[in-house]
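Computation of the quantities below employed the complete heavy-atom set of this structure, encompassing side-chain atoms and omitting hydrogens, waters and symmetry-equivalent molecules. A note on names: the letters A, B, ... follow the listed sequences, proteins ahead of strands, and every chain is numbered from 1.
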Amino acid sequence: MKIVSYNINSLRLRLPLLKNFVDEINPDVICLQETKVADEFFPHEGVKELGFEYVEFSGEKSYNGVAILSKFPLKNTQKIDVAGYGHKRHISATIEFGDKEVELHNFYIPAGGDEADPKINPKFDHKLKFLDWMVEHFKEKQGKNLIIVGDFNIAPLEHDVWSHKQLLKVVSHTPIEVERLEKIRASADFIDTHRHFVPESEKLFSWWSYRGKEPFKSNRGRRLDHIWCSHSLKNHMKSVETYQNYRIVESPSDHVPILTHFQK
DNA sequence: ATGACGGATCTAATCCGA
């Protein structure tokens, strides 16, 4: 089972790009973030042409929005208004994987604004509340088969950013966020699937700013997108991919698709 | 490198991302 997480930054605009990706990679499940489309305008036809029979989504106009496209049935779909802000940033479903029932959660964690201080920056306060909610939520789910993916908007490790020193005070890499993320990871003993396969000493990015014409020239990227699984799936992990070339296609998202291949 | 870009929206100039 190939599971993809992709912050697509407008599903309708990038349907052709997504089609290319699906034709090239043939994933079984795609979790999208920043679909930027209200549910009544969801592009059903275009998505159907991608070849996914099971589609669930939770969107809003202009901002946020998440979706799961799957070749396997999606059961018990849930859309949670995390921390009560009314944003469409979560969708989950249960998928059968061999003899296991896997609970798949797709998150678009708030970016958090500019200032890493919840007292003066309501967006950072929102981000921390969102992360705290996740800690409590997954504490209750210990022992389940879990896969949680998405744009977490946090690059936790030194080599998840282009310059650890220069980004220590930049939202996405501040110690306060990184500690919260580690709490979530510990809450249900998750494995960071990409770092399971890619050594921590190796730079690994999934996002590059739109500013600057050639993102790989300076390579000032960050690893903001993640696929985690519970230990019960550890022996099923086969490989991971980060499709960096999708940052330099025509009209790219500022994020690239990432993939984890689980085998039965 | 706190924005030089890019997306969506009451198609102009504004909000937002990270």
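Within the structure, every side-chain polar atom (N or O) of A:Y63 is placed at least 4.0 Å from both OP1 and OP2 of B:dT14. Between A:R211 and the phosphate of B:dG17, there is no side-chain N or O to OP1/OP2 separation shorter than 4.0 Å. For A:S253 and B:dG7, the shortest distance from a side-chain N or O to OP1 or OP2 is not below 4.0 Å.
Atom CG in A:D254 sits roughly 9 Å away from atom P in B:dG7 (whole-Å rounding). Atom CD of A:E214 is separated from atom P of B:dC5 by 14 Å (rounded to the nearest Å). For the pair A:N64 CG and B:dA18 C1', the interatomic distance rounds to 14 Å; values are reported in whole Å. Atoms CZ (A:F130) and P (B:dG17) sit 13 Å apart, rounded to a whole Å. Atoms CZ (A:F42) and P (B:dA8) sit 14 Å apart, rounded to a whole Å. Here B:dG7 presents its P atom at 19 Å from CD of A:E60, a figure rounded to the nearest Å. As a whole-Å value, the separation of A:E34 CD from B:dT9 P is 13 Å. A:L167 places its CG atom 14 Å from the C1' atom of B:dG3, with the value rounded to the nearest Å.
Within 4.0 Å of A:K123, counting heavy atoms only, lie sugar-phosphate atoms of the nucleic acid but no base atom. Across all strands shown, A:F152 has no heavy atoms under 4.0 Å from either base or sugar-phosphate atoms. Nucleic acid contact for A:N153: sugar-phosphate only, since backbone atoms but no base atoms lie under 4.0 Å from a heavy atom of the residue. When heavy atoms are screened at a 4.0 angstrom cut-off, A:D151 is found touching the sugar-phosphate backbone but no base atom. A:S209 comes within 4.0 angstrom of no nucleic acid atom, judged by non-hydrogen atoms across all strands. When heavy atoms are screened at a 4.0 angstrom cut-off, A:H173 is found touching no nucleic acid atom at all.
With respect to the salt-bridge test (charged N to carboxylate O, under 4.0 angstrom), the residues A:K75 and A:E101 qualify.
Applying the side chain to side chain donor-acceptor pair (under 3.5 Å) test between A:Q33 and each of A:N64, A:N9, A:N106, A:N7 identifies A:N106 as the sole match. None of A:H194, A:K203, A:R195, A:H226 except one satisfies the side chain to side chain donor-acceptor pair (under 3.5 Å) rule with A:D160; the exception is A:R195.
Under the 30°/60° scheme for interplanar angles, the aromatic rings of A:F205 and A:W208 are found to stand perpendicular. The aromatic rings of A:H105 and A:F107 lie parallel to each other, with less than 30° between the two planes, well short of the 60° mark. Ring geometry, A:Y85 versus A:H126: the interplanar angle falls under 30°, so the pair is classed parallel (tilted spans 30 to 60°).
Side chain A:R12 to base B:dG7: no donor-acceptor pair is found below 3.5 Å.
Look at the P atom in both B:dC16 and B:dC10: the space between them is 14 Å, to the nearest Å. Only the P atoms considered, B:dT9 is 15 Å distant from B:dG17, to the nearest whole Å. The separation of B:dA12 from B:dA4, taken at their P atoms, amounts to 23 Å, rounded to a whole angstrom. Between the C1' atoms of B:dG7 and B:dA13, the separation comes to 14 Å (whole Å). Across B:dT14 and B:dA18, the matching P atoms stand 23 Å from one another, rounded to whole Å.
When the nucleotides B:dG17, B:dA18, B:dC5 are ranked by their closest atom to the side chain of A:S172, B:dA18 comes out on top. Listed nucleotides: B:dA18, B:dT9, B:dC16. Nearest to the side chain of A:S62: B:dT9. Here B:dA8 is the nucleotide among B:dA8, B:dA18, B:dG17 with the atom lying nearest to any side-chain atom of A:L13. If you check B:dA18, B:dA8, B:dG17 against the side chain of A:R89, the one that comes closest is B:dG17. Closest to the side chain of A:K61, out of B:dT9, B:dC5, B:dA18, is B:dT9.
Mapping A:G212 and A:K36 onto DNA chain B via the closest heavy atom, the residue that lands nearer the 5' end is A:G212. The residue among A:G113 and A:S251 whose nearest nucleotide of DNA chain B is located toward the 5' end is A:S251.
Between A:F97 and A:H236, a ring centre-to-centre spacing shorter than 6.0 Å is recorded.
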